[in-house]
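Contents: one structure, followed by commentary.
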Amino acid sequence: MRVIVCDNYEEVSKQAAKIVASQLVLKPDSVLGLATGSTPVGMYNILSEMNKNGEIDFKDVTSFNLDEYYPMAAEHDQSYRYFMNENLFNGININMENTHVLSGTTDDPEKECADFEKMIDAAGGIDLQVLGIGQNGHIGFNEPDTFLYANTHLTDLTENTIQANSRFFEKIEDVPTQALTMGIATILKSKRIIILASGSNKREAVTDLIEGEISTNNPASMLKVHNDVIVICDKEAYSK
Ligand code: F6R
């Protein structure tokens, strides 16, 4: 695992955008795995700017998002589909039909998850997966537990995650208690992975990721078995 420690959030965003941009230069029809949350927003802004300037092209790109709240309508302003449209897709020349976000309104979550896995495989697998990290070490919505799921699945969110995500909702009762998420194997099958972290509230999770043992209580630690992972964080999130 390579670790890039940046001075601040802006640098984290720039470094991450550089890696995504170089991926698209090397393989214009790349399959990207994408994350929502606060952390990748800076990177998405830079990528949108680069696309406007003609430096990178999303025309042939396919994307798969890590997760979606359940239940949650795509039109809801806190859905991850809405987030992706607002923060990236509407500002770049990606073909919307090639963007895949799990449906938060499906009445058959099991089928939705199985179909999602099949679509990733049919696209040739994820070339570059972008991840954030939860304060509790979650990746996607794979929460710390005594066991983890391999494939895309419906999961309960932990109290810690509900608390952390309540900042986006009017009141904590509005935060969905479940989500559909890629599983650990779905993520690990990606050819390359970058994981972004910023701020002191991520320090424990990032330190555990880099220095800790592999444990299902720290889902991000599973990334240690992958041979092409780059952690991009700022000094507040990791100072060693
Ligand atoms: C989002 C996701 C989550 C976030 C994590 C960090 O799609 O899968 O694992 O990456 O909760 O969120 P932020 O960046 O808001 O701190």
Side-chain angles (χ1 to χ4, degrees), residues 6 8-10 12-13 16-17 20 32-45 63-70 72 74 76-89 99-104 113 116 120 126 128-145 148-149 152-169 175-184 186-188 190 193-206 208-209 218-223 229-234 236-238:
C6 304
N8 51 41
Y9 175 68
E10 212 191 338
V12 169
S13 304
V20 177
L32 299 179
L34 299 174
T36 60
S38 311
T39 316
V41 171
M43 179 193 78
Y44 290 149
N45 289 340
S63 73
F64 290 92
N65 260 79
L66 275 168
D67 41 21
E68 178 61 283
Y69 286 122
Y70 188 81
M72 176 67 84
H76 192 291
D77 65 3
Q78 290 308 325
S79 81
Y80 286 175
R81 161 55 78 182
Y82 188 94
F83 175 101
M84 288 310 302
N85 288 354
E86 286 291 300
N87 287 286
L88 186 65
F89 299 151
T99 68
H100 305 281
V101 182
L102 286 149
S103 165
C113 293
F116 194 72
I120 295 175
I126 293 170
L128 175 64
Q129 173 70 56
V130 178
L131 296 175
I133 184 168
Q135 290 171 34
N136 63 1
H138 73 210
I139 48 174
F141 277 129
N142 295 278
E143 300 279 30
D145 209 329
L148 297 171
Y149 286 92
T152 304
H153 60 284
L154 177 66
T155 187
D156 293 332
L157 304 185
T158 60
E159 211 38 60
N160 178 299
T161 297
I162 293 170
Q163 280 286 350
N165 290 3
S166 64
R167 69 191 194 276
F168 299 114
F169 292 81
V175 186
T177 56
Q178 289 191 301
L180 301 169
T181 179
M182 285 186 193
I184 292 292
T186 326
I187 294 170
L188 289 177
S190 310
I193 299 173
I194 57 173
I195 178 161
L196 280 48
S198 167
S200 54
N201 62 336
K202 296 293 171 70
R203 179 167 291 207
E204 203 179 319
V206 172
D208 273 3
L209 163 64
N218 177 17
S221 68
M222 298 290 151
L223 297 174
V229 176
I230 307 178
V231 182
I232 309 172
C233 59
D234 57 20
E236 297 225 307
Y238 186 71

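Whatever order the structure lists them in is the order used to number ligands and atoms, beginning at 1. Note that the structure is a prediction, hence the values are computed from the model and not measured. Sequential numbering from 1 along the given sequence is applied to the chain's residues.
- Protein neighbours of ligand 1 below 4.0 Å, counting non-hydrogen atoms: Ala35, Thr36, Gly37, Ser38, Thr39, Leu66, Asp67, Gly132, Ile133, Gly134, His138, Gly140, Arg167, Lys202.
- When side chains are defined from C-beta on, His138 does not count as touching Ile133, because their heavy atoms never get closer than 4.5 Å.
- Inter-residue side-chain proximity for Thr181 and His153 is flagged as met; some heavy-atom pair is nearer than 4.5 Å.
- Looking only at side-chain heavy atoms (C-beta outward), Phe64 and Gln129 stay at 4.5 Å or farther from each other.
- Counting all heavy atoms, side chain and backbone alike, Ile232 lies closest to Cys6 at CG2-SG, 4.0 Å.
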task = Please test Gln178 against Thr155 for side-chain contact (heavy atoms from CB on, under 4.5 Å), starting from the C-alpha separation and ending with a verdict.
result = CA-CA 6 Å; Gln178 289 191 301; Thr155 187; over 6 Å; no
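- Side chains of Asn160 and Gln135: a donor-acceptor N/O pair is absent below 3.5 angstrom, by distance only.
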